[in-house]
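Just so it is clear, the structure is predicted and the values come from calculations on it, not from any experiment. Chain letters run A, B, ... following the sequence lines, proteins first and then strands; every chain starts at 1.
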Amino acid sequence: MYTVPLPRIGADVAWRDAAKRLLGAAVPPEDILWDDDGTASGLFATQTPLPPVTRRIKVPQSFVELANTVVWHNDPQRFARLYTLLWRLRHQPGLMQDRADRDLAKLRQMEKAVHRCKHKMKAFVRFRDLRQGGERRSFAAWFEPTHHTVEPTAPFFARRFADMDWMIATPDVTAQFVDGNLSFHPGQPKPDLPDDATEDLWGTYFCNIFNPARLKVQAMTSEMPKKYWKNLPEAQHIADLIAGAEAKVQEMRDTAPTLPPQRAAAIKRQLDRKPPAKE
Amino acid sequence: MASLSLQNKLAILSDAARYDASCASSGTTRRDSRDGKGLGSTEGSGICHAYAPDGRCISLLKILMTNFCIYDCAYCINRVSSNVTRARFTVDEVVQLTIEFYRRNYIEGLFLSSGIIRSPDYTMEMIVQIAKRLREDEHFRGYIHLKTIPDAAPELIEQAGLYADRLSINVELPTDNSVKAYAPEKNPETIRKAMGDVKSRKDVAKERSYTGKRGKRFAPAGQSTQMIVGADAATDATILGQSTRLYGDYKLKRVYYSAFSPIPDATAKLPLIKPPLVREHRLYQADWLLRFYGFDVDEITSARPDGNLDLEVDPKLAWALQNRHLFPVDVNRASREMLLRVPGFGTRSVGRILSTRRHRTLRYEDLQRLGASLKKARAFITAKDWSPGELTDSADLRARFAPPPEQLSLF
Ligand code: SF4
């Protein structure tokens, strides 16, 4: 029996390294205990060292991609599920194309969940200006992702916000970008971030880009689920916008057409004299 | 006039911009700022940073530079004859708002449009100046979409294309006659010519010169347009016919359909209606079928004699119900073309069916795992352990999909 402890930071590399060794030594899935978060290692006083790397193992590229995503899922079984598929791939090389296989279908589903979580993180992280002076501006955000998506998503923020320093703190892992260097640290409780006046402007924009004549609350919540709202500054306006929508539209209907302002006639005369359309 | 605060201006000029449906930020060149000398990135697919309670994606800071306008388009909140409060951003204000919103990860970039002030050229110049400031002074590498003013000088439109990822020119209404009736200062010919200019500029940018050098990047995310639906009497057949021409002639990336929606201070010429949201939705579905599913306009719009789409069921299902003699289709044998016509099968599930059936004969349950919607598809397919029997030809098949008739109440 092998117990494989996996670290919170760098779990992708650790899992891949262990899986290679174990598969190389033909250790079947049922002889491995993948220990996410160090919860199981206490059960076994002695740990069998992992087998050495013996040979190079070839696996389909599509498996590598799948594994690189699924390792960030929050299902404690993720490492075991991946290894089981890897084990089966030895004798069923075409397995990756079989979209109807149960094991694979489950992993694909998990992959999708992680993709979605990464995507939502790119969308919903909201930075606040720390106003620290200095050459580079500096921002910080608090975020609560569903899966362990900080590590695989941080490079996106590094590519996008390279000329500023930033930190994304989560309960799980904290990503930090300082002077162009990205690093990861253990998670932390929600930090106290300073107020940022630009959030009010953003709220103003959110309220006014909304068209009350097209209220479709469900379409909003399916893409922006409520669990994210507490960390989105604009979400505080949603209730009022929904409550006031009908009255706003009614007001537009009730206002009888008004007379055009005086300047309209003058402008019209000018336009008629000099048609702007060039041929 | 008392000067408005930035907050007030933003309120007025985003309120005025919300009638433009597009908020896309995808399909441009890949860029990033890893060199540390700029701000922003674009990576293929755009990101919706928020959703408003109208269910629409907020990806870009979508604002007007000003809502002053010398034109009098009947459907528009900014027309000269309306009494809405007017405002105007300075170049600097738009640049700062864009950058500060971007740094906080609120947006993918800017979608800038404007009412026409003084002259089309003057307005276009201001728009170009904002884009230029963002790109050259702020080194902004995020997404920029500029609304182009068709009457502006071609040189200005050309400059706009060098800074913008996307250019758009709205055809506004589905027919030339409607444009004449409701947008008297606009000329459909000029609009088409401007779209043609953008297309040829893009073609030139793609070609290599005799030295092998490529032309300068020009609006890499292409051009799009918008049509207002439900303001005039045009049928869906007319609208989709127009879209097909636009996609073909000008290689448009997208045609947006915007349900005519109540505006403050409407004109007596165009009475306010409830925005035809279902119709708008059906048009998008039909548009999709035209572009990715191999349908043509006649097939989609001939189901009903009045030339409009069925509002109760989606256009693909409507077509299948009309053409039942072609079904059921065997999922283990049928061609890609035919699979694409099965209601409930998307391009993705069809791709998966094709790759999976090389390994096994597909059963009903397998299809579920492939992501097909069997509630719709089941009447139109056969699989290893599934045959719809009489279902395909049953008289009440349509009724199974259409929403129940609205309950009548005593009057
Ligand atoms: S030109 Fe544009 S902004 Fe001006 S009234 Fe017409 S549609 Fe509105």
Side-chain angles (χ1 to χ4, degrees), chain A residues 94 97-100 105 119 122-129 137 139 141 158-164 180 196 198 200-202 204-206 208-211 213-220 223-224 232 234 238 241-242 245 249 252-253 255 257-258 260-261 263-264 267-268 271 276-278, chain B residues 6-7 10-11 14-15 17-18 32-41 47-55 57-58 61-62 70 72 80-81 83 97 100-101 103-106 119-120 151 185 187 190 261-268 272 275 277 352 355-356 358-360 362 366 369-370:
Chain A
Q97 275 81 52
D98 187 352
R99 301 284 318 204
H119 192 74
K122 291 176 189 174
F124 298 151
V125 162
R126 297 285 182 263
F127 286 118
R128 282 190 175 179
D129 193 348
R137 292 183 61 184
F139 292 81
R159 291 191 293 276
R160 174 161 288 197
F161 301 108
D163 74 342
M164 61 193 220
D196 187 333
T198 304
D200 295 339
L201 286 170
W202 172 238
T204 300
Y205 176 67
F206 184 77
N208 285 283
I209 204 66
F210 162 60
N211 184 347
R214 303 179 55 113
L215 195 63
K216 271 193 200 168
V217 179
Q218 229 244 291
M220 166 185 67
E223 294 298 339
M224 195 166 81
L232 292 170
E234 64 272 30
I238 293 175
L241 290 178
I242 295 174
V249 180
M252 293 182 204
R253 288 213 183 87
T255 335
T258 50
R263 69 165 187 286
I267 291 171
K268 186 132 191 38
L271 282 179
K278 299 195 175 101
Chain B
L6 183 59
Q7 193 114 19
L10 179 59
S14 47
D15 184 295
R18 70 184 176 207
D32 62 46
S33 53
R34 250 177 303 189
D35 59 6
K37 293 187 189 119
L39 171 69
S41 62
I47 297 169
C48 290
H49 285 273
Y51 288 82
D54 51 20
C57 152
I58 300 176
L61 171 62
K62 179 160 51 172
I70 55 177
D72 201 21
V80 66
S81 60
N83 285 292
L97 272 176
E100 294 305 314
F101 276 16
R103 285 197 184 283
R104 286 159 182 78
N105 203 40
Y106 301 159
S119 70
D151 297 321
E185 291 89 2
N187 180 344
T190 317
S261 171
I263 48 171
D265 197 23
T267 157
L272 294 186
L277 298 183
R352 288 174 184 169
S355 75
T356 301
R358 270 183 250 136
H359 299 273
R360 59 166 82 202
L362 295 168
D366 295 330
R369 273 199 286 273
L370 299 179

**Request:** Report yes if the side chains of P53(B) and L215(A) come closer than 4.5 Å at any heavy-atom pair, otherwise no.
**Result:**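 Heavy-atom side-chain distance check passes, below 4.5 Å.
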**Prompt:** Do the side chains of K216(A) and L277(B) get nearer than 4.5 Å, heavy atoms only?
**Reply:** yes
Tell me which of these, [options], has more heavy-atom pairs under 4.5 Å with chain A than the rest.
options                          : value
I263(B), L6(B), D35(B)           : I263(B)
D15(B), L370(B), I47(B), D54(B)  : D54(B)
S81(B), P262(B), A17(B)          : S81(B)
T356(B), T267(B), I58(B)         : T356(B)
C57(B), G38(B), C48(B)           : G38(B)
L272(B), N83(B), L362(B), L97(B) : N83(B)

Looking at every non-hydrogen atom in both residues, tell me the closest pair between [X] and [Y] and how far apart they are.
X       : Y       : value
H49(B)  : R160(A) : NE2-NH1, 4.0 Å
I209(A) : R18(B)  : O-CB, 3.3 Å
R126(A) : A50(B)  : NH2-CB, 4.0 Å

**Asked** Is a donor on one side and an acceptor on the other found under 3.5 Å between the side chain of N105(B) and the backbone of K122(A)?
**Response** yes
**Message:** Is the ring pair W202(A)/F101(B) parallel, tilted or perpendicular, if the boundaries are 30 and 60 degrees?
**Reply:**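 Judged by the thresholds at 30° and 60°, the geometry between W202(A) and F101(B) is perpendicular.
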Considering only heavy atoms and a distance below 4.5 Å, find which of [options] pairs most often with chain B.
options                            : result
I238(A), I267(A), L201(A)          : L201(A)
D196(A), L232(A), D129(A), I242(A) : D196(A)
L241(A), D200(A), N208(A)          : N208(A)
A213(A), A219(A), A123(A)          : A123(A)
Q218(A), H119(A), R128(A), R137(A) : R137(A)
A158(A), A141(A), P260(A), A100(A) : A100(A)

**Prompt:** Which residue, R34(B), R103(B), K37(B), forms the salt bridge (Lys or Arg N to Asp or Glu O under 4.0 Å) with D163(A)?
**Reply:** R103(B)
**Request:** Could you pull out all residues at least two apart from E223(A) that satisfy side chain to side chain contact (heavy atoms under 4.5 Å, CB included)?
**Result:**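 R116(A), K120(A), Y51(B).
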**Asked** Which residues satisfy the side chain to side chain contact (heavy atoms under 4.5 Å, CB included) test with A105(A), sequence neighbours excluded?
**Response** R369(B)
**Asked** So which part of V249(A) gets closer than 4.5 Å to some heavy atom of chain B, the side chain, the backbone, both or neither?
**Response**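 For V249(A), the contact with chain B is made by the side chain alone.
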**Asked** Does any heavy atom of chain B fall under 4.5 Å from the side chain of F210(A), the backbone, both, or neither of them?
**Response**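 Contact with chain B is through both the backbone and side chain of F210(A).
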**Prompt:** What is the distance from atom CZ of F161(A) to atom OG of S33(B), rounded to the nearest 0.5 Å?
**Reply:**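 Here the rounded value is 8.5 Å.
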**Prompt:** Can S355(B) and Q97(A) be counted as having a side-chain donor-acceptor contact under 3.5 angstrom?
**Reply:**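 Not at all, the side chains of S355(B) and Q97(A) share no donor-acceptor pair under 3.5 Å.
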